[in-house]
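Per chain, numbering begins at 1; letters A, B, ... match sequence-line order. All values below were derived from every heavy atom in this structure, side-chain atoms included, with hydrogens, water molecules and symmetry-related copies excluded.
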2 protein chains.
Amino acid sequence: MRDASLAEIRELALFRDIGEATFEALTRSAYHQTFPPQVTLIHQGQSADFFHVVTDGLVELVGNWNGRENTMVVLRPVSTFTLAACMTDAPYLMAARTIEQSRVILIPSSDLRAAFAADTAFALAIAHELANCYRGMVRHAKDMKLRTSRERLAGYILRQSALRGGASRFELPLEKRLLASFLGMTPENLSRALRALRDDGLAIDATHVTIADRAALDRVAHVTPLIDGPEPGAPDR
Amino acid sequence: MRDASLAEIRELALFRDIGEATFEALTRSAYHQTFPPQVTLIHQGQSADFFHVVTDGLVELVGNWNGRENTMVVLRPVSTFTLAACMTDAPYLMAARTIEQSRVILIPSSDLRAAFAADTAFALAIAHELANCYRGMVRHAKDMKLRTSRERLAGYILRQSALRGGASRFELPLEKRLLASFLGMTPENLSRALRALRDDGLAIDATHVTIADRAALDRVAHVTPLIDGPEPGAPDR
DNA sequence: CCCGTCGCTTAACAATTGTCAAGCCGATCG
DNA sequence: CGATCGGCTTGACAATTGTTAAGCGACGGG
């Protein structure tokens, strides 16, 4: 890896408190690679050879089953993936695909496990990361099981607003068909839900979002940290 | 804690490889308590004071939102819960309630974190447990987003069969309304789905399940380890 | 023993969501 | 500049799922 890349990731919560020797061992045989958009990085079912860190761009984790496909997570920088699979040396449960051009660090999973054993600070950071991934997935599952698609969309919009410091106008960060998949609905249904939410203080022109009446929108979404975060450095974008 | 309880949990994967001093520190101020059925052990949103281990009985983790409630996980012995919240000192995302009379070990979360820092073997065990919880929740989310309710039910039945060594006849381990909630549907819809699956080789009389045609049922469920496990000592029952 | 409660089922109906088909629009490219 | 492509929207329709209400049957308490 290049020195510039090393300095960049040394600041991450995952690596900030670890020893120099551990960091050196972790990065020795790591790659920092750039991928074009729409490239499949890993397939579900593959053995967990690498731990991944997205440093630039946008990556989605997708589940496949019986010919169907669904976006489970959208990862914006800086986020990790395949951590649980690497720690347990188990097959990936989800595939990963770049959405935009992205840069990803690949760390051999054996190095990851060695560093975990060798460095207590790193072990703690890993545990925190695993716990946050778990909690992100619990939130997503609650979102799916407790809210209707319209409510999920309203929640998503308010989360995005919160990520931007409460902005009332911003651009949708995802293609709508991708957003629909992430929210567990079809693009057609997303279109309908967007139109329906005009009555609840939401205006969308193409990718431009305007929250006209935040209170009304929250009357639909009932935003709560137990579903919608805060997600300090976490799951969706 | 009583000596009998101590010996019992010392064998668990979580505690098997840890040092005697760590084990002693972890169990010193721990409780092993028995709870009646239908008792709420923790509420969502509470601060994470205790790490929990179910040693007997049956416990459900439930999500609440806006007056709605949903069973996210069903824990059979021996399983843990609240691990992620304790490690990150964050509020519980789900409530926990006994289904049957249950015995639960409660370990102060500060002791848990201290043991993690003090004992590398314990840290590794914790990381594995966290990773397995994460993967269980990913599987559940995939189940929800990729399969219809009928397919989820078929998958659930085949998983239960697998847990019983491939038995073709067994008793439903859960009340149907609870199963319905876990599978993300209403009890009425579960009734319909059960009846519909008679055409696919499934017969259910009250709580007694008979798999008449496993191949036909799997043609609905398309069971795969990437959704249905194996779950060595894991999530649902 | 009877009665009330509770869980389950069924049926009719309503709401939500998915499917299919068509058309629009903006971007890209020859 | 015009053609083509892909993503988005819309509408009509179908399937799935939720809702409401009623009834059945097992269980436990009076």
Side-chain angles (χ1 to χ4, degrees), chain A residues 36-38 58 60 65-71 97 99-100 143-157 171-200 202-209 220-221, chain B residues 36-38 58 60 65-71 97 99-100 143-157 171-200 202-209 220-221:
Chain A
Q38 296 299 326
L58 205 51
E60 59 173 332
W65 177 79
N66 196 29
R68 297 174 205 164
E69 170 170 315
N70 189 277
T71 299
R97 183 167 53 211
I99 297 171
E100 311 170 348
D143 204 18
M144 289 299 139
K145 295 185 83 174
L146 288 165
R147 296 212 266 225
T148 65
S149 63
R150 208 174 60 104
E151 291 161 347
R152 288 198 294 277
L153 174 57
Y156 177 84
I157 295 294
E171 298 297 310
L172 263 193
L174 301 178
E175 267 184 15
K176 283 183 185 169
R177 64 194 182 82
L178 211 151
L179 175 58
S181 178
F182 175 67
L183 293 178
M185 52 179 141
T186 58
E188 293 92 332
N189 196 22
L190 175 62
S191 273
R192 280 186 291 232
L194 281 170
R195 209 155 55 80
L197 285 178
R198 285 192 307 205
D199 298 338
D200 302 283
L202 177 65
I204 293 211
D205 169 45
T207 67
H208 191 77
V209 179
V220 177
Chain B
Q38 295 299 325
L58 205 52
E60 60 174 333
W65 176 80
N66 197 30
R68 296 174 206 163
E69 171 171 313
N70 189 277
T71 299
R97 183 168 51 211
I99 296 172
E100 312 169 348
D143 204 18
M144 290 298 140
K145 295 184 82 175
L146 288 165
R147 296 212 265 226
T148 66
S149 63
R150 203 172 118 255
E151 291 161 347
R152 287 198 295 276
L153 174 57
Y156 177 84
I157 295 295
E171 298 297 310
L172 264 192
L174 301 177
E175 267 185 14
K176 284 182 183 170
R177 66 196 179 83
L178 210 151
L179 175 58
S181 178
F182 176 67
L183 293 177
M185 53 178 142
T186 58
E188 292 90 336
N189 196 23
L190 175 61
S191 273
R192 279 187 293 230
L194 281 170
R195 208 156 56 80
L197 285 178
R198 284 192 307 206
D199 298 338
D200 303 284
L202 176 66
I204 293 210
D205 168 46
T207 67
H208 191 77
V209 179
V220 177

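- The line from NZ of A:Lys176 to CD of A:Glu188 is 13.0 Å long, rounded to the nearest 0.5 Å.
- Distances were taken from every side-chain heavy atom of B:Thr186 (C-beta onward) to each of C:dT10, D:dT19, D:dG7; the shortest belongs to D:dT19.
- Phosphate contact (OP1/OP2 of C:dT16, side-chain N/O of A:Arg150, threshold under 4.0 Å): absent.
- One can place CD of A:Glu175 at 13 Å from P of C:dA27, the figure rounded to the nearest angstrom.
- If you measure from atom CE of A:Met185 to atom P of D:dT17, you get 17 Å, rounded to the nearest angstrom.
- A donor and an acceptor atom sit less than 3.5 Å apart, one in the side chain of B:Arg192 and one in the base of D:dG18.
- Rounded to whole angstrom, the span from the CG atom of B:Leu179 across to the P atom of C:dT9 amounts to 11 Å.
- Taking only distance into account, the side chain of B:Glu188 never meets the base of C:dC8 through a donor-acceptor pair shorter than 3.5 Å.
- The separation between A:Asp205 atom CG and D:dG7 atom C1' is 15 Å, rounded to whole Å.
- Taking OG1 of B:Thr186 as the start and CZ of B:Arg177 as the end, the distance is 13.5 Å to the nearest 0.5 Å.
- Atom NE2 in B:His208 sits about 17 Å away from atom P in D:dA26, given to the nearest Å.
- The side chain of B:Thr148 sits closest to D:dT17 out of D:dT17, C:dG18, C:dC8.
- Side-chain contact between B:Asp200 and B:Arg150 is present, with at least one heavy-atom pair separated by less than 4.5 Å.
- To the nearest 0.5 Å, atom CG of residue A:Leu194 and atom CG of residue A:Leu202 are 6.5 Å apart.
- The side chain of A:Ser191 places no N or O atom within less than 4.0 Å of a non-bridging phosphate oxygen (OP1 or OP2) of D:dC8.
- Comparing atom distances between the A:Ser149 side chain and each of D:dT17, C:dT10, C:dT17 picks out C:dT17 as nearest.
- In this entry the distance linking CG of B:Asn189 with P of C:dA15 reads 18 Å, nearest Å.
- Nearest to the side chain of B:Lys176, among C:dT9, D:dG18, D:dT9, sits C:dT9.
- At whole-Å resolution of the value, CG in A:Leu190 and P in C:dT16 are 16 Å apart.
- Side-chain contact between A:Leu146 and B:Asn66 is absent, with no heavy-atom pair separated by less than 4.5 Å.
- One interatomic measurement links the two molecules: CZ of B:Arg147 to C1' of D:dA15, which rounds to 20 Å at whole-angstrom precision.
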